[in-house]
Amino acid sequence: MSIRATTASLLFSLPLLSSVAACSGGASTTSPSATTADGGTEPPPPSAVDGGSGPAPSTPKQQCEALIACVADIDPGSAGALVTLYGDASNCWKGGESDAEACGKACAKNLEDRPECTAEALDRHFLALCTMSLASQAIRYDVELAFDQRKGGAATFRPLPIDADRYQRSDALVTQPKLALTIASDGARGESSTPFDLPGEAFGAAPDAHVTSFAVQRLRVVEKGHVCSDVEATITSPYSTLLRGACMYFPLADGAAIPEAITAGDIQYCQIPK
């Protein structure tokens with residue numbers, strides 16, 4: 001069933017979509033990579049360690065230093081235990097070469113299991129399709145995302161006409177307040193309490209919706225360079241309510257065709273098209 005056939009509630013329907021279920025444990029599973037979506041993409045540059053800066057670690061000590069530095073950014077509560085195990089004062093570097101090699105292999109495996117530690121920062125535009133009870137079909141956004149999976153970043157949402165069939169940044173209806181993104185254990189999050197009006201053309205109904213707060217939660221990079229997140233919005237006009245939903249972000253080139261075979265369930269559960 002396509003997005004245009006989605007049966008989500010219309011503007012004046014009070015039932016809301018429930019919060020999005022966890023997608024693959026709520027964490028990124030693969031580093032961003034090039035993909036050939038309809039119309040082409042703008043693939044991110046090659047990955048590097050330490051947030052995309054500097055050479056990849058090559059010695060056991062460097063592997064463990066990279067791991068500790070990354071975890072200090074994304075999960076500070078766990079960094080102390082790693083310092084005890086693999087830090088400068090640990091037994092890893094007081095014994096022989098075999099001890100160092102064993103620690104290096106353990107750190108390398110831990111880094112491999114944390115793709116956010118080696119992923120290049122994102123700095124590009126995405127087409128986002130967002131399911132919310134505000135609209136009868138997915139709301140389309142141009143999202144400018146400057147995001148480091150270790151350090152956070154910022155996102156700016158610009159709604160596009162809901163009947164658009166091509167992703168054209170120049171068709172943006174309004175620019176929403178910028179969201180500052182901070183790293184959390186289940187993905188990045190950000191919230192703005194600066195009010196704005198969401199044009200009815202963006203959600204297929206009238207009048208415009210007055211939004212008093214807009215938030216993104218669990219923003220995470222997933223396979224093929226796509227991004228997923230939860231989203232919330234508080235509106236006070238034409239009625240007062242809290243809206244919840246989800247967004248899937250596609251790394252499309254400007255002017256590319258908007259995917260039509262994406263269902264509301266695909267977006268809610270972060271099911272990237274094969």
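Computed from a prediction, not measured in an experiment: that's the story for all the values here.
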Handout entry: Pair listing, disulfide bond (SG atoms under 2.5 Å apart) test, anchored in residues 121-218, at least two apart
Key =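 Qualifying pairs: C130-C247.
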
With no hydrogens and no angle check, is any side-chain donor or acceptor of [X] less than 3.5 Å from a backbone partner on [Y]?
X	Y	answer
R150	I183	no
Q62	S58	yes
W93	D99	no
N110	C107	no
K178	A155	no
S237	Y239	no

Handout entry: Residue pair Y167 / D142, side-chain donor-acceptor N/O under 3.5 Å
Key =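 Yes - a donor-acceptor pair under 3.5 Å links their side chains.
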
Between [X] and [Y], does any side-chain N to carboxylate O distance fall below 4.0 Å?
X	Y	answer
K61	D88	yes
E116	R220	no
R140	E260	yes

Donor-acceptor pairs under 3.5 angstrom involving side-chain atoms of residues 74-81: please list them, not counting sequence neighbours.
residue: D75; atom: OD2; partner: S78; partner atom: OG; Å: 2.7

Problem - Shared hydrophobic cluster, V143 / F147 (ILVMFWY, side-chain heavy atoms < 4.5 Å) - result: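 Per the 4.5 Å side-chain linkage, V143 and F147 are co-clustered.
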
Exercise for the section: Indicate, with yes or no, if M132 and Y249 share a hydrophobic cluster defined by side-chain heavy-atom contacts under 4.5 Å among Ile, Leu, Val, Met, Phe, Trp and Tyr. Expected result: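 Yes, because Y249 and M132 connect within a single hydrophobic cluster, where side-chain heavy atoms sit under 4.5 Å apart.
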
Handout entry: Any residue meeting side-chain contact (heavy atoms from CB on, under 4.5 Å) with Q176, in chain and number order, not counting sequence neighbours
Key =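 So Q176 forms a side-chain contact (heavy atoms from CB on, under 4.5 Å) with Y141, F157, P159, F196, L198, F214.
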
Practice task
Spell out, with a plain yes or no, whether C64 and C92 have SG atoms under 2.5 Å apart.
Solution key: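 No.
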
Handout entry: Heavy-atom side-chain proximity of R169 to H125 below 4.5 angstrom
Key =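 Yes, their side chains come closer than 4.5 Å.
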
Exercise for the section: Give a yes or no on whether the ring-centroid distance for F250 and H226 is below 6.0 angstrom. Expected result: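 Ring centres of H226 and F250 closer than 6.0 Å.
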
